[in-house]
Amino acid sequence: MHRSTREDRAGARLPKRLLAAMVLVAFFALSLSSYVALTRSLQYQTRDEGPNAGYAVELASGRLPTIDTPVTTDARRYPQVVEGLETMVDEPHRDIWTANHPPLYYLMSLPFVAAAGALDAPQVMTVGMRLINAVGSALCVLLVGLIAFEVTRRATTAFLATAVSASCAVLVTAGGHIANDGVAVAASSLTLLATIRILNRGLSPRRLALVALAGAAAAGAKAPGVLTVVLCGAAIAAALLIKDRSGRGVVRALAASAVATGVPGLATGWFYVRNIVLYGDPTGTGALLDKFDREPNGTWWQVLTDGSLWVDWYERLWVPLLAEGYVVVADLLGIVAAIGLLVLLVRRRITGSADPWSRPGWLLLAVHAVVVLANLVGFVAGGGNPNDRYLLPLMPLLATVLAVGVMAIVDVLPVGRRESRADLAAAATTLALGVYAFLIFRWFIDSPTYVGRLPSADARGADLVVAVGVVCGLAAVCLAAWPARTYAARRPLRDQPAPHRQGAGGPARRARR
(Lines give C-alpha, C1' and ligand atoms only; values in the text may rest on other atoms or scores of the structure.)
Protein backbone atom coordinates (compact mmCIF):
# COMPACT_ATOMS: atom_id res chain seq x y z
CA MET A 1 0.00 0.00 0.00
CA HIS A 2 1.53 3.26 -1.09
CA ARG A 3 1.25 6.70 0.38
CA SER A 4 -0.45 9.34 -1.66
CA THR A 5 2.11 11.24 -3.71
CA ARG A 6 1.86 14.30 -5.91
CA GLU A 7 1.24 11.98 -8.84
CA ASP A 8 -1.59 10.28 -6.97
CA ARG A 9 -3.10 13.57 -5.85
CA ALA A 10 -2.97 15.06 -9.33
CA GLY A 11 -6.59 14.03 -9.65
CA ALA A 12 -8.02 12.58 -12.81
CA ARG A 13 -5.16 13.58 -15.11
CA LEU A 14 -3.04 10.82 -16.57
CA PRO A 15 0.49 12.08 -17.38
CA LYS A 16 0.82 12.62 -21.11
CA ARG A 17 4.02 10.63 -21.47
CA LEU A 18 2.46 7.56 -19.88
CA LEU A 19 -0.71 7.97 -21.92
CA ALA A 20 1.48 8.07 -25.02
CA ALA A 21 3.33 4.99 -23.78
CA MET A 22 0.05 3.14 -23.28
CA VAL A 23 -1.02 4.00 -26.83
CA LEU A 24 2.31 2.66 -28.12
CA VAL A 25 1.82 -0.59 -26.20
CA ALA A 26 -1.59 -0.95 -27.83
CA PHE A 27 0.07 -0.45 -31.25
CA PHE A 28 2.54 -3.19 -30.38
CA ALA A 29 -0.35 -5.58 -29.66
CA LEU A 30 -2.07 -4.45 -32.87
CA SER A 31 1.01 -5.24 -34.94
CA LEU A 32 1.11 -8.87 -33.77
CA SER A 33 -2.61 -9.38 -34.43
CA SER A 34 -2.25 -7.69 -37.81
CA TYR A 35 0.46 -10.13 -38.87
CA VAL A 36 -1.93 -13.01 -38.19
CA ALA A 37 -4.71 -11.18 -40.03
CA LEU A 38 -2.53 -10.57 -43.09
CA THR A 39 -0.94 -13.98 -43.44
CA ARG A 40 -2.82 -16.90 -41.87
CA SER A 41 -5.13 -19.07 -43.94
CA LEU A 42 -8.85 -18.99 -43.22
CA GLN A 43 -9.55 -20.97 -40.02
CA TYR A 44 -13.01 -22.25 -40.83
CA GLN A 45 -13.99 -24.04 -37.65
CA THR A 46 -11.24 -23.58 -35.06
CA ARG A 47 -11.88 -19.84 -34.92
CA ASP A 48 -15.39 -19.77 -36.42
CA GLU A 49 -14.06 -17.71 -39.33
CA GLY A 50 -16.14 -19.48 -41.98
CA PRO A 51 -19.58 -18.90 -40.44
CA ASN A 52 -18.59 -15.39 -39.36
CA ALA A 53 -17.65 -14.56 -42.94
CA GLY A 54 -20.88 -16.21 -44.11
CA TYR A 55 -22.85 -13.96 -41.73
CA ALA A 56 -21.37 -10.85 -43.37
CA VAL A 57 -22.06 -12.25 -46.85
CA GLU A 58 -25.73 -12.80 -45.95
CA LEU A 59 -26.01 -9.25 -44.61
CA ALA A 60 -24.46 -7.91 -47.80
CA SER A 61 -27.24 -9.69 -49.67
CA GLY A 62 -29.86 -7.99 -47.51
CA ARG A 63 -30.66 -11.00 -45.33
CA LEU A 64 -30.20 -11.53 -41.60
CA PRO A 65 -29.19 -15.20 -41.17
CA THR A 66 -30.30 -17.74 -38.59
CA ILE A 67 -28.21 -20.53 -37.07
CA ASP A 68 -29.64 -22.85 -39.74
CA THR A 69 -28.81 -20.65 -42.73
CA PRO A 70 -26.23 -22.42 -44.96
CA VAL A 71 -22.88 -20.74 -45.52
CA THR A 72 -22.47 -19.37 -49.04
CA THR A 73 -21.42 -21.81 -51.75
CA ASP A 74 -20.40 -19.12 -54.26
CA ALA A 75 -16.87 -20.41 -54.97
CA ARG A 76 -16.12 -17.67 -57.49
CA ARG A 77 -16.68 -14.73 -55.14
CA TYR A 78 -15.76 -16.43 -51.85
CA PRO A 79 -13.32 -19.25 -52.69
CA GLN A 80 -11.65 -19.34 -49.25
CA VAL A 81 -14.95 -19.69 -47.42
CA VAL A 82 -16.20 -22.43 -49.74
CA GLU A 83 -12.87 -24.26 -49.56
CA GLY A 84 -13.15 -24.35 -45.77
CA LEU A 85 -16.78 -25.38 -46.02
CA GLU A 86 -15.76 -28.52 -47.88
CA THR A 87 -13.64 -29.68 -44.92
CA MET A 88 -16.70 -29.92 -42.64
CA VAL A 89 -17.82 -33.51 -42.13
CA ASP A 90 -21.28 -32.76 -40.73
CA GLU A 91 -24.15 -30.58 -41.89
CA PRO A 92 -24.55 -28.43 -38.74
CA HIS A 93 -21.04 -27.01 -39.22
CA ARG A 94 -21.94 -26.02 -42.78
CA ASP A 95 -24.41 -23.49 -41.41
CA ILE A 96 -23.92 -19.99 -40.00
CA TRP A 97 -24.05 -21.18 -36.40
CA THR A 98 -22.75 -17.79 -35.22
CA ALA A 99 -26.02 -16.12 -36.30
CA ASN A 100 -27.14 -16.00 -32.66
CA HIS A 101 -24.80 -13.00 -32.28
CA PRO A 102 -26.14 -9.47 -32.87
CA PRO A 103 -25.05 -7.91 -36.18
CA LEU A 104 -22.87 -4.90 -35.25
CA TYR A 105 -19.51 -6.47 -36.12
CA TYR A 106 -20.87 -7.88 -39.37
CA LEU A 107 -22.41 -4.55 -40.33
CA MET A 108 -18.99 -2.96 -39.81
CA SER A 109 -17.58 -5.58 -42.20
CA LEU A 110 -19.90 -4.75 -45.10
CA PRO A 111 -17.52 -2.24 -46.76
CA PHE A 112 -14.89 -4.97 -47.02
CA VAL A 113 -17.40 -7.45 -48.45
CA ALA A 114 -18.39 -4.86 -51.05
CA ALA A 115 -14.77 -4.00 -51.83
CA ALA A 116 -13.89 -7.67 -52.26
CA GLY A 117 -16.64 -8.02 -54.85
CA ALA A 118 -15.86 -4.77 -56.65
CA LEU A 119 -12.14 -5.54 -56.88
CA ASP A 120 -12.63 -9.25 -57.50
CA ALA A 121 -10.27 -9.83 -54.57
CA PRO A 122 -11.82 -12.21 -52.01
CA GLN A 123 -8.87 -11.72 -49.68
CA VAL A 124 -9.97 -8.13 -49.02
CA MET A 125 -13.00 -9.38 -47.12
CA THR A 126 -10.97 -11.85 -45.05
CA VAL A 127 -8.23 -9.38 -44.11
CA GLY A 128 -10.65 -6.50 -43.58
CA MET A 129 -12.89 -8.41 -41.20
CA ARG A 130 -9.83 -9.59 -39.31
CA LEU A 131 -8.39 -6.11 -38.99
CA ILE A 132 -11.65 -4.80 -37.49
CA ASN A 133 -11.26 -7.42 -34.79
CA ALA A 134 -7.56 -6.60 -34.35
CA VAL A 135 -8.24 -2.88 -33.89
CA GLY A 136 -10.93 -3.68 -31.35
CA SER A 137 -8.54 -5.92 -29.42
CA ALA A 138 -5.85 -3.23 -29.42
CA LEU A 139 -8.37 -0.65 -28.25
CA CYS A 140 -9.26 -3.01 -25.41
CA VAL A 141 -5.59 -3.02 -24.36
CA LEU A 142 -5.60 0.76 -24.10
CA LEU A 143 -8.96 0.86 -22.32
CA VAL A 144 -7.69 -1.60 -19.72
CA GLY A 145 -4.97 0.91 -18.82
CA LEU A 146 -7.42 3.81 -18.67
CA ILE A 147 -9.73 1.82 -16.40
CA ALA A 148 -6.78 0.86 -14.21
CA PHE A 149 -5.92 4.53 -13.77
CA GLU A 150 -9.49 5.40 -12.84
CA VAL A 151 -9.64 2.78 -10.08
CA THR A 152 -6.07 3.01 -8.73
CA ARG A 153 -5.28 6.71 -9.36
CA ARG A 154 -1.71 5.65 -10.10
CA ALA A 155 -0.23 6.15 -13.56
CA THR A 156 2.54 3.54 -13.35
CA THR A 157 0.03 0.88 -12.33
CA ALA A 158 -2.18 1.87 -15.26
CA PHE A 159 0.74 1.59 -17.66
CA LEU A 160 1.67 -1.82 -16.30
CA ALA A 161 -1.94 -3.02 -16.58
CA THR A 162 -1.81 -2.04 -20.26
CA ALA A 163 1.34 -4.12 -20.71
CA VAL A 164 -0.19 -7.09 -18.87
CA SER A 165 -3.20 -7.12 -21.21
CA ALA A 166 -0.96 -6.68 -24.28
CA SER A 167 0.99 -9.81 -23.30
CA CYS A 168 -2.21 -11.88 -23.33
CA ALA A 169 -1.74 -14.49 -26.05
CA VAL A 170 -5.47 -14.76 -26.72
CA LEU A 171 -5.59 -11.11 -27.80
CA VAL A 172 -2.82 -11.83 -30.32
CA THR A 173 -4.25 -15.02 -31.76
CA ALA A 174 -7.98 -14.34 -31.50
CA GLY A 175 -7.43 -10.70 -32.41
CA GLY A 176 -6.07 -11.70 -35.79
CA HIS A 177 -9.11 -13.69 -36.92
CA ILE A 178 -12.62 -13.02 -38.20
CA ALA A 179 -14.46 -12.72 -34.89
CA ASN A 180 -16.57 -10.24 -32.99
CA ASP A 181 -14.62 -10.55 -29.72
CA GLY A 182 -12.42 -7.48 -30.25
CA VAL A 183 -15.32 -5.14 -30.96
CA ALA A 184 -17.40 -6.65 -28.14
CA VAL A 185 -14.70 -6.44 -25.47
CA ALA A 186 -13.64 -2.94 -26.51
CA ALA A 187 -17.25 -1.70 -26.35
CA SER A 188 -17.84 -3.41 -23.01
CA SER A 189 -14.62 -1.94 -21.57
CA LEU A 190 -15.54 1.53 -22.82
CA THR A 191 -18.94 1.21 -21.13
CA LEU A 192 -17.24 0.30 -17.86
CA LEU A 193 -14.75 3.16 -18.19
CA ALA A 194 -17.46 5.75 -18.85
CA THR A 195 -19.51 4.47 -15.93
CA ILE A 196 -16.55 4.55 -13.54
CA ARG A 197 -15.87 8.14 -14.55
CA ILE A 198 -19.43 9.03 -13.61
CA LEU A 199 -18.96 7.29 -10.27
CA ASN A 200 -15.68 9.15 -9.67
CA ARG A 201 -16.33 12.58 -11.15
CA GLY A 202 -20.09 12.97 -11.21
CA LEU A 203 -22.80 12.89 -13.85
CA SER A 204 -22.53 15.04 -16.97
CA PRO A 205 -24.35 14.90 -20.31
CA ARG A 206 -21.15 13.95 -22.14
CA ARG A 207 -20.30 11.07 -19.79
CA LEU A 208 -23.85 9.77 -19.83
CA ALA A 209 -23.94 9.93 -23.63
CA LEU A 210 -20.70 7.95 -23.77
CA VAL A 211 -22.15 5.27 -21.48
CA ALA A 212 -25.27 5.01 -23.64
CA LEU A 213 -23.45 4.85 -26.98
CA ALA A 214 -20.77 2.46 -25.74
CA GLY A 215 -23.48 0.31 -24.18
CA ALA A 216 -25.35 0.18 -27.47
CA ALA A 217 -22.16 -1.01 -29.17
CA ALA A 218 -21.52 -3.60 -26.45
CA ALA A 219 -25.04 -5.02 -26.65
CA GLY A 220 -24.92 -4.85 -30.45
CA ALA A 221 -21.68 -6.82 -30.68
CA LYS A 222 -22.24 -9.75 -28.34
CA ALA A 223 -24.82 -10.96 -25.81
CA PRO A 224 -22.62 -10.52 -22.68
CA GLY A 225 -22.65 -6.80 -23.48
CA VAL A 226 -26.28 -6.74 -22.36
CA LEU A 227 -25.18 -7.77 -18.87
CA THR A 228 -22.64 -4.96 -18.85
CA VAL A 229 -25.27 -2.43 -19.90
CA VAL A 230 -27.74 -3.47 -17.20
CA LEU A 231 -25.04 -3.50 -14.53
CA CYS A 232 -23.70 -0.07 -15.47
CA GLY A 233 -27.18 1.42 -15.55
CA ALA A 234 -27.85 0.05 -12.07
CA ALA A 235 -24.50 1.35 -10.80
CA ILE A 236 -25.24 4.87 -12.05
CA ALA A 237 -28.68 4.86 -10.43
CA ALA A 238 -27.31 3.57 -7.11
CA ALA A 239 -24.47 6.11 -7.03
CA LEU A 240 -26.78 9.05 -7.73
CA LEU A 241 -29.34 7.87 -5.17
CA ILE A 242 -26.68 7.54 -2.48
CA LYS A 243 -25.55 11.08 -3.20
CA ASP A 244 -29.03 12.63 -3.29
CA ARG A 245 -32.08 10.85 -1.88
CA SER A 246 -34.46 13.75 -2.34
CA GLY A 247 -37.34 13.56 -4.77
CA ARG A 248 -35.32 15.45 -7.33
CA GLY A 249 -32.38 13.12 -6.79
CA VAL A 250 -34.54 10.05 -7.34
CA VAL A 251 -35.87 11.45 -10.61
CA ARG A 252 -32.33 12.33 -11.72
CA ALA A 253 -31.03 8.87 -10.86
CA LEU A 254 -33.86 7.06 -12.64
CA ALA A 255 -33.57 9.30 -15.70
CA ALA A 256 -29.81 8.73 -15.99
CA SER A 257 -30.22 4.98 -15.61
CA ALA A 258 -33.02 5.00 -18.18
CA VAL A 259 -30.76 6.73 -20.70
CA ALA A 260 -27.83 4.40 -19.97
CA THR A 261 -29.95 1.29 -20.50
CA GLY A 262 -32.73 2.59 -22.72
CA VAL A 263 -30.56 3.68 -25.65
CA PRO A 264 -28.87 0.26 -25.95
CA GLY A 265 -32.25 -1.40 -25.43
CA LEU A 266 -33.88 0.56 -28.25
CA ALA A 267 -30.90 -0.03 -30.55
CA THR A 268 -30.49 -3.77 -30.00
CA GLY A 269 -33.55 -5.10 -28.16
CA TRP A 270 -35.25 -6.14 -31.38
CA PHE A 271 -32.50 -8.68 -32.08
CA TYR A 272 -32.78 -10.39 -28.71
CA VAL A 273 -36.56 -10.52 -29.08
CA ARG A 274 -35.96 -12.16 -32.45
CA ASN A 275 -33.71 -14.75 -30.77
CA ILE A 276 -36.42 -15.51 -28.22
CA VAL A 277 -38.96 -16.02 -31.00
CA LEU A 278 -36.62 -18.20 -33.08
CA TYR A 279 -34.71 -20.16 -30.42
CA GLY A 280 -36.56 -19.75 -27.14
CA ASP A 281 -33.94 -17.65 -25.32
CA PRO A 282 -32.18 -14.30 -25.93
CA THR A 283 -28.81 -15.83 -26.82
CA GLY A 284 -29.91 -18.92 -28.73
CA THR A 285 -27.60 -21.02 -26.54
CA GLY A 286 -30.06 -23.84 -26.00
CA ALA A 287 -30.75 -24.19 -29.71
CA LEU A 288 -27.03 -24.30 -30.48
CA LEU A 289 -26.35 -26.96 -27.85
CA ASP A 290 -29.14 -29.05 -29.38
CA LYS A 291 -27.87 -28.38 -32.91
CA PHE A 292 -24.46 -29.84 -32.10
CA ASP A 293 -25.74 -32.56 -29.74
CA ARG A 294 -23.78 -31.20 -26.78
CA GLU A 295 -24.08 -33.02 -23.47
CA PRO A 296 -24.01 -31.24 -20.08
CA ASN A 297 -20.58 -30.98 -18.45
CA GLY A 298 -22.03 -31.34 -14.96
CA THR A 299 -24.01 -29.18 -12.62
CA TRP A 300 -23.43 -25.46 -12.16
CA TRP A 301 -21.80 -26.16 -8.79
CA GLN A 302 -19.49 -28.84 -10.21
CA VAL A 303 -18.17 -26.46 -12.86
CA LEU A 304 -17.84 -23.62 -10.35
CA THR A 305 -15.76 -25.73 -7.96
CA ASP A 306 -13.55 -27.34 -10.63
CA GLY A 307 -10.21 -25.77 -9.68
CA SER A 308 -8.36 -27.29 -12.63
CA LEU A 309 -10.75 -25.57 -15.03
CA TRP A 310 -10.08 -22.15 -13.52
CA VAL A 311 -6.29 -22.64 -13.52
CA ASP A 312 -6.43 -23.83 -17.11
CA TRP A 313 -8.58 -20.86 -18.11
CA TYR A 314 -6.11 -18.42 -16.54
CA GLU A 315 -3.08 -20.06 -18.13
CA ARG A 316 -4.72 -20.31 -21.56
CA LEU A 317 -5.12 -16.53 -21.61
CA TRP A 318 -1.34 -16.20 -21.78
CA VAL A 319 -0.24 -19.58 -23.13
CA PRO A 320 -1.56 -21.37 -26.26
CA LEU A 321 -2.67 -24.94 -25.69
CA LEU A 322 0.46 -26.61 -27.14
CA ALA A 323 3.01 -24.14 -25.75
CA GLU A 324 3.25 -25.75 -22.32
CA GLY A 325 6.85 -24.62 -21.88
CA TYR A 326 5.73 -21.01 -21.54
CA VAL A 327 3.18 -21.65 -18.80
CA VAL A 328 5.77 -20.80 -16.14
CA VAL A 329 5.53 -17.11 -17.15
CA ALA A 330 1.79 -16.94 -16.54
CA ASP A 331 2.16 -18.79 -13.26
CA LEU A 332 5.03 -16.57 -12.12
CA LEU A 333 3.05 -13.44 -12.92
CA GLY A 334 0.11 -14.72 -10.90
CA ILE A 335 2.28 -15.78 -7.93
CA VAL A 336 4.16 -12.46 -7.76
CA ALA A 337 0.89 -10.53 -7.96
CA ALA A 338 -0.69 -12.68 -5.24
CA ILE A 339 2.28 -12.08 -2.92
CA GLY A 340 2.10 -8.37 -3.65
CA LEU A 341 -1.61 -8.23 -2.84
CA LEU A 342 -0.93 -10.01 0.44
CA VAL A 343 1.82 -7.50 1.26
CA LEU A 344 -0.56 -4.68 0.39
CA LEU A 345 -3.18 -6.07 2.79
CA VAL A 346 -0.68 -6.54 5.63
CA ARG A 347 0.77 -3.04 5.24
CA ARG A 348 -2.69 -1.55 5.23
CA ARG A 349 -3.58 -3.33 8.46
CA ILE A 350 -0.34 -2.19 10.09
CA THR A 351 -0.34 1.44 9.00
CA GLY A 352 -4.09 1.97 8.82
CA SER A 353 -3.60 4.40 5.92
CA ALA A 354 -5.97 4.51 2.97
CA ASP A 355 -5.13 4.17 -0.71
CA PRO A 356 -6.30 6.86 -3.14
CA TRP A 357 -8.45 4.30 -4.92
CA SER A 358 -11.85 4.51 -6.50
CA ARG A 359 -13.79 2.05 -4.36
CA PRO A 360 -17.00 2.36 -6.43
CA GLY A 361 -14.92 1.56 -9.51
CA TRP A 362 -13.44 -1.55 -7.90
CA LEU A 363 -16.88 -2.64 -6.79
CA LEU A 364 -18.28 -2.23 -10.31
CA LEU A 365 -15.44 -4.27 -11.83
CA ALA A 366 -15.84 -6.99 -9.21
CA VAL A 367 -19.61 -7.29 -9.66
CA HIS A 368 -19.16 -7.26 -13.44
CA ALA A 369 -16.69 -10.14 -13.14
CA VAL A 370 -19.10 -12.13 -10.95
CA VAL A 371 -21.95 -11.61 -13.43
CA VAL A 372 -19.82 -12.59 -16.45
CA LEU A 373 -18.42 -15.66 -14.70
CA ALA A 374 -21.82 -16.81 -13.45
CA ASN A 375 -23.17 -16.62 -17.00
CA LEU A 376 -20.10 -18.44 -18.32
CA VAL A 377 -20.31 -21.21 -15.71
CA GLY A 378 -23.93 -21.83 -16.68
CA PHE A 379 -22.94 -22.00 -20.35
CA VAL A 380 -20.17 -24.55 -19.71
CA ALA A 381 -22.35 -26.61 -17.39
CA GLY A 382 -24.95 -26.86 -20.15
CA GLY A 383 -22.40 -28.33 -22.56
CA GLY A 384 -20.73 -25.23 -24.00
CA ASN A 385 -17.06 -25.06 -24.91
CA PRO A 386 -14.91 -23.38 -22.20
CA ASN A 387 -13.17 -21.18 -24.76
CA ASP A 388 -10.45 -18.88 -23.42
CA ARG A 389 -11.86 -15.97 -25.48
CA TYR A 390 -14.90 -15.87 -23.23
CA LEU A 391 -12.75 -14.54 -20.37
CA LEU A 392 -11.64 -11.44 -22.27
CA PRO A 393 -14.40 -9.22 -20.75
CA LEU A 394 -12.64 -9.78 -17.41
CA MET A 395 -9.36 -8.29 -18.64
CA PRO A 396 -9.90 -4.81 -17.09
CA LEU A 397 -10.20 -6.33 -13.62
CA LEU A 398 -7.68 -9.15 -14.09
CA ALA A 399 -4.91 -7.02 -15.59
CA THR A 400 -5.42 -4.26 -13.03
CA VAL A 401 -5.28 -6.68 -10.09
CA LEU A 402 -2.09 -8.26 -11.46
CA ALA A 403 -0.52 -4.82 -11.98
CA VAL A 404 -1.48 -3.68 -8.47
CA GLY A 405 0.10 -6.81 -6.99
CA VAL A 406 3.36 -6.38 -8.89
CA MET A 407 3.62 -2.69 -7.98
CA ALA A 408 2.97 -3.52 -4.32
CA ILE A 409 6.15 -5.61 -4.34
CA VAL A 410 8.04 -2.72 -5.92
CA ASP A 411 6.79 -0.30 -3.25
CA VAL A 412 8.40 -2.24 -0.40
CA LEU A 413 11.83 -2.39 -2.03
CA PRO A 414 14.19 -0.06 -0.11
CA VAL A 415 15.89 1.28 -3.24
CA GLY A 416 15.87 4.89 -4.44
CA ARG A 417 12.94 7.27 -4.61
CA ARG A 418 9.51 5.73 -4.80
CA GLU A 419 8.47 7.47 -8.04
CA SER A 420 11.68 6.63 -9.88
CA ARG A 421 11.62 3.06 -8.59
CA ALA A 422 8.03 2.60 -9.73
CA ASP A 423 8.76 4.02 -13.19
CA LEU A 424 11.79 1.82 -13.73
CA ALA A 425 10.04 -1.29 -12.40
CA ALA A 426 6.99 -0.72 -14.61
CA ALA A 427 9.25 -0.18 -17.62
CA ALA A 428 11.35 -3.27 -16.89
CA THR A 429 8.29 -5.46 -16.30
CA THR A 430 6.70 -4.16 -19.48
CA LEU A 431 9.87 -4.97 -21.41
CA ALA A 432 9.85 -8.52 -20.02
CA LEU A 433 6.15 -8.96 -20.86
CA GLY A 434 6.75 -7.57 -24.35
CA VAL A 435 9.58 -10.03 -24.95
CA TYR A 436 7.32 -12.82 -23.73
CA ALA A 437 4.50 -11.70 -26.04
CA PHE A 438 6.89 -11.63 -28.99
CA LEU A 439 8.23 -15.11 -28.16
CA ILE A 440 4.71 -16.50 -27.94
CA PHE A 441 3.93 -14.81 -31.24
CA ARG A 442 6.99 -16.38 -32.91
CA TRP A 443 6.08 -19.77 -31.46
CA PHE A 444 2.54 -19.42 -32.74
CA ILE A 445 3.37 -18.54 -36.34
CA ASP A 446 6.01 -21.29 -36.48
CA SER A 447 3.79 -23.94 -34.85
CA PRO A 448 1.88 -26.73 -36.61
CA THR A 449 -1.37 -24.94 -35.71
CA TYR A 450 -0.45 -22.07 -38.05
CA VAL A 451 -1.44 -24.14 -41.06
CA GLY A 452 -1.25 -22.55 -44.48
CA ARG A 453 -0.99 -18.97 -45.68
CA LEU A 454 -3.48 -16.69 -47.34
CA PRO A 455 -3.17 -16.65 -51.14
CA SER A 456 -0.82 -13.87 -52.25
CA ALA A 457 -0.06 -12.92 -48.65
CA ASP A 458 2.63 -10.22 -48.50
CA ALA A 459 5.06 -11.66 -45.94
CA ARG A 460 7.43 -8.67 -46.24
CA GLY A 461 4.66 -6.20 -45.56
CA ALA A 462 3.48 -8.22 -42.57
CA ASP A 463 7.05 -8.40 -41.23
CA LEU A 464 7.32 -4.63 -41.57
CA VAL A 465 4.11 -4.19 -39.55
CA VAL A 466 5.57 -6.29 -36.73
CA ALA A 467 8.88 -4.38 -36.89
CA VAL A 468 7.03 -1.08 -36.48
CA GLY A 469 5.10 -2.57 -33.59
CA VAL A 470 8.30 -3.66 -31.86
CA VAL A 471 9.72 -0.15 -32.23
CA CYS A 472 6.51 1.22 -30.69
CA GLY A 473 6.89 -1.18 -27.77
CA LEU A 474 10.50 -0.15 -27.16
CA ALA A 475 9.53 3.52 -27.35
CA ALA A 476 6.81 2.87 -24.76
CA VAL A 477 9.34 1.32 -22.39
CA CYS A 478 11.66 4.31 -22.81
CA LEU A 479 8.85 6.76 -22.11
CA ALA A 480 7.83 4.86 -19.00
CA ALA A 481 11.40 4.81 -17.68
CA TRP A 482 11.82 8.58 -18.15
CA PRO A 483 12.46 10.40 -14.85
CA ALA A 484 9.25 11.12 -12.98
CA ARG A 485 10.14 14.76 -12.39
CA THR A 486 9.56 15.52 -16.07
CA TYR A 487 5.83 14.99 -15.71
CA ALA A 488 5.09 15.74 -12.04
CA ALA A 489 2.15 18.08 -11.73
CA ARG A 490 3.08 21.72 -11.14
CA ARG A 491 1.46 23.65 -8.36
CA PRO A 492 -0.85 26.43 -9.53
CA LEU A 493 0.65 29.90 -9.25
CA ARG A 494 -1.87 30.88 -6.62
CA ASP A 495 -0.58 28.06 -4.36
CA GLN A 496 3.09 29.03 -4.68
CA PRO A 497 4.86 31.18 -2.03
CA ALA A 498 4.79 34.94 -2.51
CA PRO A 499 7.86 36.57 -4.16
CA HIS A 500 10.82 37.71 -2.08
CA ARG A 501 9.71 41.31 -2.40
CA GLN A 502 7.40 40.87 0.57
CA GLY A 503 9.07 42.47 3.57
CA ALA A 504 8.24 42.72 7.21
CA GLY A 505 5.17 44.72 6.38
CA GLY A 506 4.05 42.39 3.62
CA PRO A 507 1.46 40.40 5.54
CA ALA A 508 -0.04 43.48 7.14
CA ARG A 509 -0.21 45.19 3.77
CA ARG A 510 -2.07 42.21 2.27
CA ALA A 511 -4.42 42.15 5.24
CA ARG A 512 -5.31 45.80 4.70
CA ARG A 513 -6.21 45.00 1.10
Side-chain angles (χ1 to χ4, degrees), residues 40-107 109 113 122 125-126 129-130 133 170 173-174 177-181 184 221-224 271-298 303 309 316 321 375-390 449 451-452:
R40 196 181 190 193
S41 60
L42 190 80
Q43 301 298 297
Y44 189 90
Q45 184 175 348
T46 57
R47 287 293 176 182
D48 301 348
E49 288 201 293
N52 280 328
Y55 193 141
V57 170
E58 285 295 306
L59 280 184
S61 300
R63 298 182 296 270
L64 185 60
T66 70
I67 61 173
D68 297 318
T69 301
V71 174
T72 180
T73 56
D74 189 344
R76 186 189 67 81
R77 298 183 63 185
Y78 312 106
Q80 297 158 18
V81 176
V82 175
E83 181 181 353
L85 180 65
E86 294 173 352
T87 66
M88 297 297 100
V89 296
D90 59 343
E91 286 301 320
H93 283 97
R94 295 172 179 266
D95 298 334
I96 305 175
W97 71 82
T98 56
N100 65 316
H101 293 305
L104 177 61
Y105 167 69
Y106 309 98
L107 288 171
S109 304
V113 179
M125 181 185 74
T126 302
M129 294 185 70
R130 286 174 167 182
N133 186 36
V170 172
T173 56
H177 295 96
I178 300 176
N180 56 6
D181 297 282
K222 213 166 184 180
F271 181 82
Y272 294 101
V273 171
R274 176 179 182 266
N275 273 359
I276 294 174
V277 172
L278 290 175
Y279 315 121
D281 65 83
T283 63
T285 300
L288 283 173
L289 294 177
D290 291 339
K291 182 180 179 69
F292 295 110
D293 296 324
R294 295 288 180 85
E295 295 293 332
N297 292 316
V303 174
L309 172 65
R316 291 291 82 78
L321 186 60
N375 180 63
L376 186 54
V377 167
F379 172 72
V380 174
N385 180 28
N387 199 304
D388 44 27
R389 290 179 293 152
Y390 300 153
T449 62
V451 179

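Worth knowing before you read on, the calculation uses all heavy atoms, side chains too, and leaves out hydrogens, waters and symmetry mates.
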Practice item. Just jot down the side-chain hydrogen bond (donor to acceptor under 3.5 Å, both in side chains) partners of Asp181, sequence neighbours excluded, or say none. Key: Lys222, Arg389
Exercise for review: For Pro65, check side chain to side chain contact (heavy atoms under 4.5 Å, CB included) against everything at least two apart and list the hits.
Suggested key: Tyr55, Glu58, Thr69, Ile96, Ala99
**Study point:** Heavy-atom side-chain proximity of Tyr78 to Val71 below 4.5 angstrom
**Key:** no
Exercise for review: Could you go through the side-chain contact (heavy atoms from CB on, under 4.5 Å) check for Val81 and Met125 one step at a time?
Suggested key: CA-CA 10 Å; Val81 176; Met125 181 185 74; 4.1 Å; yes
Point to revise | Side-chain donor/acceptor of Gln43 to backbone N/O of Glu49, under 3.5 Å | key: no
Practice item. Determine the minimum heavy-atom distance between Asn385 and Arg294, stating which atoms define it. Key: N-NH1, 3.7 Å
**Study point:** Side-chain heavy-atom pair Arg274, Thr66 within 4.5 angstrom cut-off
**Key:** yes
Review point. Nearest heavy-atom pair of Tyr272 and Pro102: which atoms, and what distance?
Key: OH-CG, 3.4 Å
**Study point:** Separation of Asn52 CG from Thr98 OG1 (nearest 0.5 Å)
**Key:** 4.0 Å
**Study point:** Interatomic spacing from NE2 in His101 to OG1 in Thr283 - rounded to 0.5 Å
**Key:** 9.5 Å
Revision key, fill the gap. Closest heavy-atom pair, Val113 versus Ala60, reported as atoms and distance to 0.1 Å, is CG1-CB, 3.7 Å
Review point. Is the backbone N or O of Asn180 less than 3.5 Å from a side-chain atom of Tyr106, with the two atoms forming a donor-acceptor pair by type?
Key: no
**Study point:** Whether Asp48 side chain and Ala179 backbone form a donor-acceptor pair below 3.5 Å
**Key:** no
Review point. Less than 4.5 Å apart, any side-chain heavy atom of Tyr44 and any of Glu83?
Key: no
**Study point:** Reported CG-to-CG distance for the pair Asp281 and Asn100, which is rounded to 0.5 angstrom
**Key:** 9.0 Å
Practice item. Quick one: closest heavy-atom pair of Thr126 and Gln80, and the distance? Key: OG1-OE1, 2.8 Å
Point to revise | Atom pair NZ (Lys291) and CH2 (Trp97), whose distance is rounded to the nearest 0.5 Å | key: 9.5 Å
Study note, to complete from the structure: Nearest heavy-atom contact between Arg130 and Ser41 is NH2-O, 3.0 Å
Study note, to complete from the structure: Closest non-hydrogen contact found for Ala221 with Ala184 is CB-CA, 3.7 Å
Check your understanding: Between Ile67 and Asp95, is any pair of side-chain heavy atoms under 4.5 Å apart?
Key -> no
**Study point:** For Thr73, all residues meeting side-chain hydrogen bond (donor to acceptor under 3.5 Å, both in side chains), sequence neighbours excluded
**Key:** none
Review point. Atom CG of Leu309 and atom CG of Asn297: how far apart are they, to the nearest 0.5 Å?
Key: 9.0 Å
Practice item. Output the distance between atom OH (Tyr105) and atom CD1 (Ile178), rounded to the nearest 0.5 Å. Key: 5.5 Å
**Study point:** Side-chain (Thr72) to main-chain (Asp74) donor-acceptor, under 3.5 angstrom
**Key:** yes
